[in-house]
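Being a predicted model, the structure only gives us computed values, none of them experimental.
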Amino acid sequence: MTCPVTGTGAAPVPLSGPRFATEPTRLYREMRRDHGPVAPVLLDGDIPAWLVLGYRELHQVTGDPVLYSRDSELWNQWPNIPADWPLLPMIGHKQPSILYTVGERHTRRAAMIAHALEAVDPFELKAHAEQFADELIDRFCGKGTTDIVAEYAMLLPVRVLARIYGFSDEQGPGLVTAMNDMIDGRERALAGAQHLAESMARLIADKHVRPDSDVASYMLETQAADEAAGADVFTDEEIAQDLMVMMAAGHQPTADWIGNSLRLMLTDDRFAASLFGGRHSVAEAMNEVLWEDTPTQNVAGRWASRDTQLGGRRINSGDLLLLGLAAANADPQVRTDGSALTGGNSAHFSFGHGEHRCPFPAQEVAEVIARTGIEVLLDRLPDLDLAVSADALSRRPSPWLRGLTDLPVSFTPTPTSAFGDPR
């Protein structure tokens, strides 16, 4: 078989199949063995791309935004992409969000987002996360069993994000449903995306009239300051798009961070202490997950702005490079002892790298939500235990986001908190 990317006899690897869910570490090791640090892959419909597996190579790609651009309009495969291609929501064409903005405008746009998130009071953020965590736990604490993914992890981040963005608590449940419908990618996905977009547009319109201490208002504050200074102004549509991107990027990976961390703590004896109040172990488990079981496995992507060489491969102008975050985190060239605990080492790629990485304030928000969610759960249900064998746990069959389909647990039934049952 001739590789459509390289024109050589090296067979590209389809970026699909159950192994991305069942044994990704071994799969990436085999790809590195057969292809080196940059592997040819095929996306849906046999669309060719490159998967950057090497830590150093990924650092090189993410650190050079000119050669490896975020501008998807550079892609040389657009003539071959059908209108119903399933990955279009992930690899946008002419999208007005920050994801595909480059250069000085991207720098200003990222600064607007960072400013808005930095203005969030960290103590209020933690209090919001504690309140919603307690409310969710109240729904199942008297039963003695629950599914942590469906009844907790997939509900908590978006509720907290909705509040700090400026939505009312009455709007929260609808946003939870819409977000999870969109992420599920089935028959309700488009309706979920439409509800989210319409909600963001209404939020922006409302905050123009009634600004408050929330992320949407802070972004509009920057917009007004730019307009007063005669600078190029970001439109309401662009701000709404960025809020959508921030909510989607902040919700699902954080939900998976909670689920993956709890799975580790319930199945690995090294973290057993955290089930009995060992706060240091909670932080260690969360950091270990970012290295070994990162919620975001692969990211699309970067596009070569000219012909170049990377990891011994010839990259043509317009080629798509996928960022193999999970593979790079496990690169044996930098992880010589993969069995050792990562401790406080945060040199992983789980939040990306370079000017298009996840903004630092957004990382802090995600960490506060995830850690608070785990700590409150362990405080309320101290004898939490798996209700099935560890081998029975399954993952979503996705090469992009790595998370559990469910996490059934059992515990001693306990009374509800002061918040009561919110249903």
Query raised in the report: Considering all heavy atoms of both residues, which atom of A387 and which atom of S410 are nearest to each other, and what is their separation?
Result: CB-N, 4.1 Å

Query - salt bridge (Lys or Arg N to Asp or Glu O under 4.0 Å) between R402 and D256, worked out - result: CA-CA 7 Å; R402 180 164 173 78; D256 288 337; over 6 Å; no

Requested in this report: Would you name the heavy atoms of A129 and T372 that are closest together and state the gap between them?
Outcome: CB-CG2, 3.7 Å

Requested in this report: Indicate yes or no for a side-chain donor-acceptor contact from S261 to the backbone of W257 under 3.5 Å, with no hydrogens or angles considered.
Outcome: yes

Report task. Report yes if the side chains of R395 and R263 come closer than 4.5 Å at any heavy-atom pair, otherwise no. Result -> yes

Requested in this report: Rounded to the nearest 0.5 Å, what's the gap from CD on E238 to CD1 on I204? Could you check?
Outcome: 11.5 Å

Query raised in the report: Under the side chain to side chain contact (heavy atoms under 4.5 Å, CB included) criterion, do L220 and Q223 qualify, and how do the steps go?
Result: CA-CA 5 Å; L220 292 178; Q223 180 194 55; 3.4 Å; yes

Requested in this report: Could you go through the side-chain hydrogen bond (donor to acceptor under 3.5 Å, both in side chains) check for D138 and S417 one step at a time?
Outcome: CA-CA 6 Å; D138 282 344; S417 70; 2.7 Å; yes

Query raised in the report: Are Q171 and L203 close enough that some pair of their side-chain heavy atoms sits under 4.5 Å apart?
Result: no

Requested in this report: Let me see the working for E130 and K126 under salt bridge (Lys or Arg N to Asp or Glu O under 4.0 Å), right down to the final yes or no.
Outcome: CA-CA 6 Å; E130 288 175 343; K126 183 174 175 61; 3.7 Å; yes

Query - Derivation and outcome, ring-ring contact (aromatic ring centres under 6.0 Å, His included), residues W75 and W85 - result: CA-CA 15 Å; W75 198 13; W85 195 50; 5.8 Å; yes

Query raised in the report: Among L290, V52, T296, N298, which one satisfies side chain to side chain contact (heavy atoms under 4.5 Å, CB included) with L325?
Result: T296

Requested in this report: Using a strict cut-off of less than 4.0 Å between a Lys/Arg side-chain nitrogen and an Asp/Glu carboxylate oxygen, indicate whether R26 and E30 qualify as a salt bridge.
Outcome: no

Requested in this report: Dump the intermediate steps for side-chain hydrogen bond (donor to acceptor under 3.5 Å, both in side chains) on E367 and Q363, then the final yes or no.
Outcome: CA-CA 6 Å; E367 183 174 0; Q363 298 175 38; over 6 Å; no

**Report entry** Pairwise distance CG(L266) to CG(L407) - rounded to 0.5 angstrom
**Finding:** 6.0 Å

Query - 4.5 Å side-chain heavy-atom contact, Y28 and F20 - result: yes

Query - Flag, side chain of S217 to backbone of D212, donor-acceptor distance under 3.5 Å - result: yes

Determine all donor-acceptor pairs shorter than 3.5 Å in which one atom belongs to a side chain in residues 149-163; sequence neighbours excluded.
| residue | atom | partner | partner atom | Å |
| --- | --- | --- | --- | --- |
| Y152 | OH | G373 | O | 2.7 |
| R163 | NE | D169 | OD1 | 3.2 |
| R163 | NH1 | H128 | ND1 | 3.0 |
| R163 | NH1 | Q131 | OE1 | 3.0 |
| R163 | NH2 | D169 | OD1 | 3.2 |
| R163 | NH2 | D169 | OD2 | 2.4 |

Report task. Check I258, V282, V376 against R371 for a side chain to side chain contact (heavy atoms under 4.5 Å, CB included) and give me the one that passes. Result -> V282

Query raised in the report: With a 4.5 Å heavy-atom cut-off, do F234 and T222 have their side chains touching?
Result: no

**Report entry** Shortest non-hydrogen contact between A328 and R32, atoms and distance
**Finding:** N-NH2, 4.4 Å

Query raised in the report: If you measure from CG on L27 to CZ on R29, what distance do you get to the nearest 0.5 Å?
Result: 10.0 Å

**Report entry** Distance, nearest 0.5 Å, that separates CD1 of I91 from CG of L43
**Finding:** 5.5 Å

Query raised in the report: Would you say the side chain of P48 lies within less than 4.5 Å of the side chain of Q77, judging by non-hydrogen atoms?
Result: yes

Report task. Just do the side chain to side chain contact (heavy atoms under 4.5 Å, CB included) check on V215 and M246 with the steps written out, would you? Result -> CA-CA 11 Å; V215 171; M246 290 160 58; 4.0 Å; yes

Query raised in the report: Are D293 and L264 close enough that some pair of their side-chain heavy atoms sits under 4.5 Å apart?
Result: no

Query raised in the report: Does the side chain to side chain contact (heavy atoms under 4.5 Å, CB included) test come out yes or no for W50 and E57, once each step is laid out?
Result: CA-CA 12 Å; W50 298 101; E57 288 73 19; over 6 Å; no

Query - Side chains of Q252 and W400 in contact at under 4.5 Å (non-hydrogen atoms) - result: no

Query raised in the report: Step by step, would you call D236 with H208 a side chain to side chain contact (heavy atoms under 4.5 Å, CB included)?
Result: CA-CA 10 Å; D236 285 0; H208 272 300; 3.0 Å; yes

Query raised in the report: Is it true that the side chains of S394 and T405 contain a donor and an acceptor less than 3.5 Å apart?
Result: yes

**Report entry** F411 side chain near P382 side chain, heavy-atom distance below 4.5 Å
**Finding:** no

Query - Atom CD of E23: over 12 foreign heavy atoms under 6.0 Å - result: yes

Requested in this report: Measure across V38 and L310 and return the closest heavy-atom pair with its distance rounded to 0.1 Å.
Outcome: CG2-O, 3.7 Å

Report task. Would you confirm whether R70, through its side chain, and R302, through its main-chain N or O, come within 3.5 Å as a donor-acceptor pair? Result -> no

Requested in this report: Could you tell me the separation between the CG atom of L262 and the CG atom of L384, rounded to the nearest 0.5 Å?
Outcome: 7.0 Å

Side-chain donor-acceptor contacts of residues 115-124 below 3.5 Å, not counting sequence neighbours, with atom names and distances?
| residue | atom | partner | partner atom | Å |
| --- | --- | --- | --- | --- |
| D121 | OD1 | F123 | N | 2.7 |
| D121 | OD1 | E124 | N | 3.2 |

Report task. Return the minimal non-hydrogen interatomic distance between A304 and L321, and the atom names on each side. Result -> N-CD1, 4.0 Å

Query raised in the report: Is it true that a side-chain atom of D147 and a backbone atom of D406 form a donor plus acceptor pair closer than 3.5 Å?
Result: no

Query raised in the report: What distance separates E375 CD from R380 CZ, expressed to the nearest 0.5 Å?
Result: 14.5 Å

Query raised in the report: Where is the tightest heavy-atom contact between S72 and W78, given as atom of each residue plus distance?
Result: O-NE1, 2.7 Å

Query - Pairing of R313 and D319 as salt bridge, 4.0 angstrom limit - result: no

